[in-house]
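Everything numeric in this text was worked out from a predicted model, so none of it was measured.
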Amino acid sequence: MMFRKKVDIKSFKKVYLVHNHNAGKQTFFAAMHRSVERLADEFIAMYGPAAFSYYRINTFNDAQIVARKACDEQVDWIIIAGGDGTLRAISEVLVERDYMPYVSIYPAGTVNLVAKELAQKTDATSWLMRVEKGITAPVWLGKANDRIFLTVAGIGVDSLVVDMVTPKEKKLLSTLAYVRQSGLVAGNEMLLHPWKYKFEVMIDGDGVWRAASSVIVTKSRYYAGRFSLVNGGSLSNPALYVILFKKDRCVDFLRYTALIAADMLSLDKSVEICKAQEVQIRCNVKNFAAELDGDSVATSPLSISLLPTPLNFIS
């Protein structure tokens, strides 16, 4: 169950707006930047220059520098104009510093699964009217080794695709970059021979290692945009859902893709779905790339769990 409460955002003493200028689709940069500037103007009018700070950043490292400053200044509310990667980078610092201010996300990135699940719109007026109500929702955080994720951790086909997408491709092509690299992975890794990478997964320390050709651990309603992998997945539900793909031929992965697109993945008998609190994943090769929230930032073996305290999002 999602436990919501209401806060008075006008009572906050210190507010940050952090805008990742490099996030999102290049074709919409100008319009998105204008929308964020408009929000900054609204907040400066609401709080004044002493209480409100606006930061324009370009990298995840910049985001973490600002996040550390927010912790030092005990900021009440951090508004992030960016995608899931920017949000993850800032969340890592908040967890590291054990400081949990209120957070909001304005969807300005390539991947905006958190904003989508929290029903956040790109129209600045609609977004502002919604957050002004001060309704909060808890978002439980996952941890993979020493890195934080909010929506999904994957290792296998999807993480290899993510690892192959360059920052330039991501900026220029947005989600089409992943489609392009998916075709290359299928051609290079599976067309003439079975997928050679093998994974083993243990659920909640039960001592059983389950074989898989690819693994996705999700805690969100959405995956790769509008698709849903499991029933019950929610950012506000303190649970992990582990999807184990058992088959390893190119035709099998094409079938999995079609079933995901049709929201029918659970019907495939070669797919095992488990609910968990802790997950261990090992691979037959060292340091196989894993993806967290659409970024290649971890490697096998993976130790995945939920953190004990959620972030509260004003949404």
Side-chain angles (χ1 to χ4, degrees), residues 60 84-85 88-89 92 111 142-170 177-219 223-224 229 240-257 259-260 265 268 270-274 276-306:
F60 291 161
D84 293 338
R88 177 186 51 75
E92 285 190 337
V111 181
K143 188 174 185 179
N145 296 347
D146 60 344
R147 306 303 298 267
I148 298 300
F149 68 96
L150 290 96
T151 61
V152 65
I155 189 164
V157 174
D158 75 325
S159 65
L160 188 59
V161 169
V162 168
D163 192 50
M164 291 174 64
V165 172
T166 66
K168 184 176 180 180
E169 286 177 318
K170 189 175 180 180
Y178 299 98
V179 175
R180 176 179 179 273
Q181 291 296 351
S182 295
L184 293 175
V185 168
N188 295 336
E189 300 287 350
M190 292 180 282
L191 193 58
L192 299 178
H193 52 78
W195 175 250
K196 63 184 177 183
Y197 304 106
K198 309 295 180 184
F199 302 92
E200 292 183 322
V201 182
M202 184 185 294
I203 307 294
D204 290 335
D206 64 1
V208 178
W209 287 102
R210 300 157 177 83
S213 59
S214 200
V215 185
I216 296 174
V217 180
T218 182
K219 51 178 296 298
Y223 170 78
L229 295 180
L240 300 169
Y241 290 86
V242 188
I243 300 100
L244 295 90
F245 301 87
K246 301 299 186 69
K247 300 296 184 179
D248 58 8
R249 297 174 303 164
C250 184
V251 66
D252 296 315
F253 286 105
L254 290 174
R255 184 179 72 256
Y256 294 148
T257 301
L259 289 171
I260 290 172
L265 185 63
D268 194 305
S270 69
V271 176
E272 182 180 357
I273 301 176
C274 306
Q277 292 291 310
E278 297 182 357
V279 185
Q280 304 292 324
I281 304 175
R282 61 192 187 190
C283 181
N284 62 336
V285 299
K286 291 183 178 179
N287 300 322
F288 190 95
E291 63 96 358
L292 307 179
D293 295 332
D295 291 304
S296 183
V297 293
T299 59
S300 63
L302 293 176
S303 177
I304 300 174
S305 61
L306 284 170

Backbone of Thr299 reached by a side-chain donor or acceptor of Asn287 within 3.5 Å: no
Pairing residues for Asp206 by the salt bridge (Lys or Arg N to Asp or Glu O under 4.0 Å) criterion, not counting sequence neighbours: Arg210
Value rounded to 0.5 Å, distance of CG in Leu302 from CG in Leu292: 7.5 Å
Centroid separation Phe245 to Phe253 less than 6.0 Å: no
Side-chain H-bond candidate by donor/acceptor type, Asn145 with Ser303, under 3.5 Å: no
Donor-acceptor side-chain pairing of Asp248 and Ser213 below 3.5 angstrom: no
Trace of the side-chain contact (heavy atoms from CB on, under 4.5 Å) decision for Gln277 with Ile203: CA-CA 8 Å; Gln277 292 291 310; Ile203 307 294; over 6 Å; no
Lys219 (side chain) donor-acceptor with Leu150 (main chain) under 3.5 angstrom: yes
Intermediate values then yes/no, side-chain contact (heavy atoms from CB on, under 4.5 Å), Tyr256 and Lys247: CA-CA 10 Å; Tyr256 294 148; Lys247 300 296 184 179; 3.3 Å; yes
Polar side-chain atom of Asn284 near backbone of Lys196 as donor-acceptor pair, under 3.5 Å: yes
Rounded distance [0.5 Å steps], CG in Asp252 versus OG in Ser214: 12.0 Å
Donor-acceptor under 3.5 Å (Glu200 side chain, Ala211 main chain): no
Val242 vs Val201, side-chain contact (heavy atoms from CB on, under 4.5 Å): CA-CA, chis, key distance, verdict: CA-CA 9 Å; Val242 188; Val201 182; 4.2 Å; yes
Donor-acceptor under 3.5 Å (Asp293 side chain, Val152 main chain): yes
